[in-house]
Amino acid sequence: MLQMHNLQHKHITSAHLAQTMALLSLTTDELRQQVESELASNPALEMIEERRCPVCHTLLPPRGLCPVCSRPQSPDPNEPIVLLSTRDDFYTGKSSDSEDMPDNDYSVVTDDLPTYVFKQIAMELDAQDRPIAAYILTHLDDDGLLTTTPIEVARYHHVPLERIMAIMRLIQHSDPIGVGASCPEEALLIQVEVLAETRKVPDHAQEAIELGMDMLSRHQYSELAHLLKISQSKVMEIARFISENLNPFPARSHWGEINQPAQNSPQVYRQPDVIIGYLNGQPNKTLLVEIIMPFSGTLRINPLFRQALHQVNENKIDQWKSDLESASLLIKCMQQRNNTMRRLMQRVVTLQKNFILNGEEELIPLTRAQLSKELDVHESTISRAVSGKSVQLPNSRIVPLSMFFDRSLNVRTILRNLIDQEPRPLNDTELVNLLARQGIFVARRTVAKYRAMEGILPAHLRHSVMTIS
DNA sequence: CTATGGCACGGATT
DNA sequence: AATCCGTGCCATAG
């Protein structure tokens with residue numbers, strides 16, 4: 001994280017560039033923290049309640065969308081409406097009752113993870129156990145996994161291990177089920193346990209997770225089947241069940257399919273940074289793209305501060321001047337960031353409209369480089385803007401923004417559909433031919449790779465039809 | 001012998 | 001410069 005104080009003495013333009021980059025790559029949530037800290041430490045900066053629409057510059061109500069832009073007179077139905085929007089309810093916890101907001105059914109988590117979990121279990125804990133629970137909850141990583149061990153916790157608090165375990169159990173059965181597990185396997189096991197109460201869980205699922213998690217995530221189903229001495233179709237069923245119903249990283253929101261199974265867990269997406277919905281709620285053809293701003297109100301230089309600058313005494317004047325500079329820099333960069341994000345989303349949504357409306361099959365391959373030319377910005381600008389951001393689609397799914405740039409997602413989904421539909425298990429070379437009919441030319445080896453990515457077993461192992469929902 | 005997965009290489013992408 | 005992705009070659013399982 002770049003500290004702006006390091007930049008003050010440098011030349012404005014380079015500082016400006018660096019800061020713009022830094023802000024661009026921040027998610028909404030991180031941006032809020034950044035601005036808040038600057039607001040607190042820099043007297044030159046202030047926030048006023050008044051909000052102006054960045055598009056049409058009319059005065060906005062305290063929250064909600066721009067009344068002008070969200071009800072345009074003659075919009076081109078193919079062009080999405082992109083605007084900056086405040087969803088204070090995301091951050092304040094107030095339920096949104098505004099009527100100009102399409103009431104989607106996404107659930108809003110307003111607390112951070114530790115608080116959220118703690119509230120659920122607080123009632124059931126003895127008063128003296130609560131600090132321990134709180135202690136445990138502060139030792140979770142971004143995925144909701146424990147970064148310490150129960151033994152250490154017990155030692156630290158000088159209480160018997162059993163008491164810790166009881167608390168842990170309570171935590172782990174709270175809403176992001178499996179939260180507080182010490183490893184992905186444990187999280188999965190807990191989820192299996194909980195799910196088993198309400199629905200049917202494939203046999204041997206526990207053993208498969210306990211013994212063969214690494215194989216499972218590497219799609220080495222035949223080896224695992226051998227190890228557990230069960231049929232391979234059974235293993236396949238288990239794998240399917242896990243990828244559809246369980247989440248090895250409890251705190252990470254479920255976004256659809258299994259993309260990157262195990263190893264890497266670089267980012268957690270909480271609230272989306274961009275929300276795509278239909279204009280005025282109902283599915284007509286115009287898409288409404290809201291880039292979520294972390295706060296309502298407008299940042300500006302405090303006018304009093306500017307006046308007082310002339311009267312301040314000599315030894316403080318440098319500090320004050322740099323404060324002023326840093327504040328105006330931040331404001332400029334915010335505008336730059338917003339502008340870039342708006343242009344980016346405008347273009348992306350236009351290009352990928354069919355994907356948004358009709359699903360992954362219609363995603364067109366799009367590279368960041370291509371977009372950077374169209375928007376006339378540097379490639380790295382796009383990269384930074386895209387990485388780490390998440391988008392909520394009209395169907396309430398939250399996906400990473402980078403999915404819009406997935407080079408093979410469309411082919412993979414077509415492949416998946418192909419396999420789902422075809423009665424006879426097709427081998428990889430046959431699949432290659434089928435894809436070629438649709439104008440998609442890929443190598444045999446590539447089909448195999450895509451299958452693996454989608455968690456689909458090889459032809460000779462998928463005789464029986466499995467039905468899990 | 002066939003179908004598939006592992007390894008690794010080269011070109012594209014970030 | 002580092003990383004990702006499609007692909008070819010080869011070993012291996014069935």
Could you state the interatomic distance from CG (A:Leu39) to CG (A:Leu299), rounded to the nearest 0.5 Å?
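If I round to the nearest 0.5 Å, the distance is 6.5 Å.
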
Euclidean distance, A:His378 NE2 relative to A:Arg368 CZ, rounded to 0.5 Å
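Rounded to the nearest 0.5 Å, the CZ-NE2 separation comes out at 14.5 Å.
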
What side chain to side chain donor-acceptor pair (under 3.5 Å) pairs are there with at least one residue in residues 178-187 of chain A, not counting sequence neighbours?
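Counting only pairs at least two positions apart or across chains, the side chain to side chain donor-acceptor pair (under 3.5 Å) contacts touching residues 178-187 of chain A are A:Gln172-A:Glu186, A:Ser182-A:Glu186.
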
Tell me every residue that passes side-chain hydrogen bond (donor to acceptor under 3.5 Å, both in side chains) with [X], counting only those two or more places apart in sequence or in another chain.
X	value
A:Gln346	A:Glu79
A:Asp428	A:Arg451
A:Glu362	A:Asn358
A:Glu379	none

Would you say A:Asn433 has more than 12 foreign heavy atoms packed within less than 6.0 Å of its CG?
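For A:Asn433, atom CG is crowded (more than 12 foreign heavy atoms under 6.0 Å).
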
Distance, rounded to the nearest Å, where [X] contributes [atom1] and [N] contributes [atom2]:
X	N	atom1	atom2	value
A:Lys449	B:dG6	NZ	C1'	8 Å
A:Leu435	C:dG6	CG	C1'	14 Å
A:Asn427	B:dG5	CG	P	11 Å
A:Asp428	C:dG8	CG	C1'	15 Å
A:Arg451	B:dG6	CZ	P	11 Å

Kindly give the atom pairs (protein nitrogen or oxygen, nucleotide nitrogen or oxygen) under 3.5 Å for nucleotides 12-14 of chain C.
none

Touch check for A:Ser408, heavy atoms < 4.0 angstrom, all strands: base, sugar-phosphate only, or nothing?
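If one applies the 4.0 Å heavy-atom cut-off, A:Ser408 turns out to touch the sugar-phosphate alone, with no base involved.
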
Which protein N or O atoms sit under 3.5 Å from an N or O of nucleotides 10-14 of chain B?
{"unit_1": "B:dT14", "atom_1": "OP1", "unit_2": "A:Arg368", "atom_2": "NH1", "d": "2.7"}
{"unit_1": "B:dT14", "atom_1": "OP2", "unit_2": "A:Arg368", "atom_2": "N", "d": "3.3"}
{"unit_1": "B:dT14", "atom_1": "OP2", "unit_2": "A:Ala369", "atom_2": "N", "d": "3.4"}
{"unit_1": "B:dT14", "atom_1": "O3'", "unit_2": "A:Ser383", "atom_2": "OG", "d": "3.3"}

List for me each residue that meets side-chain contact (heavy atoms from CB on, under 4.5 Å) alongside A:Ser328, sequence neighbours excluded, and say none if there are none.
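Only A:Ile301 meet the side-chain contact (heavy atoms from CB on, under 4.5 Å) criterion with A:Ser328.
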
The criterion is side-chain contact (heavy atoms from CB on, under 4.5 Å); which residues satisfy it with A:Gln370, sequence neighbours excluded?
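Partners of A:Gln370 by the side-chain contact (heavy atoms from CB on, under 4.5 Å) criterion, ordered by chain and then number, come out as A:Leu366, A:Thr367, A:Glu374.
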
N/O donor-acceptor pair under 3.5 Å between A:Asn410 side chain and A:Leu363 backbone
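Pair found, side chain donor or acceptor close to backbone of A:Leu363.
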
Below 4.0 angstrom, which residues in residues 440-448 of chain A have at least one non-hydrogen atom near DNA chain C?
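Those residues are A:Val442, A:Ala443, A:Arg445, A:Thr446.
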
Is there any ring-ring contact (aromatic ring centres under 6.0 Å, His included) pair reaching into residues 321-369 of chain A, and which pairs are they, with sequence neighbours excluded?
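Matches after skipping sequence neighbours: A:Phe355-A:Phe404.
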
Are A:Glu38 and A:Ser326 linked by a side-chain donor-acceptor pair shorter than 3.5 Å?
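The answer is yes; a qualifying pair exists.
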
Enter the inter-axis angle for the ends of the helix from B:dC1-C:dG14 to B:dT14-C:dA1 (five pairs per end, rounded to 10°).
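The end-segment axes of the helix from B:dC1-C:dG14 to B:dT14-C:dA1 are tilted 10° relative to each other.
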
Can a side chain N or O of A:Tyr450 be found less than 4.0 Å away from OP1 or OP2 on C:dG6?
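Answer yes for this pair, as a side-chain N or O of A:Tyr450 is under 4.0 Å from OP1 or OP2.
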
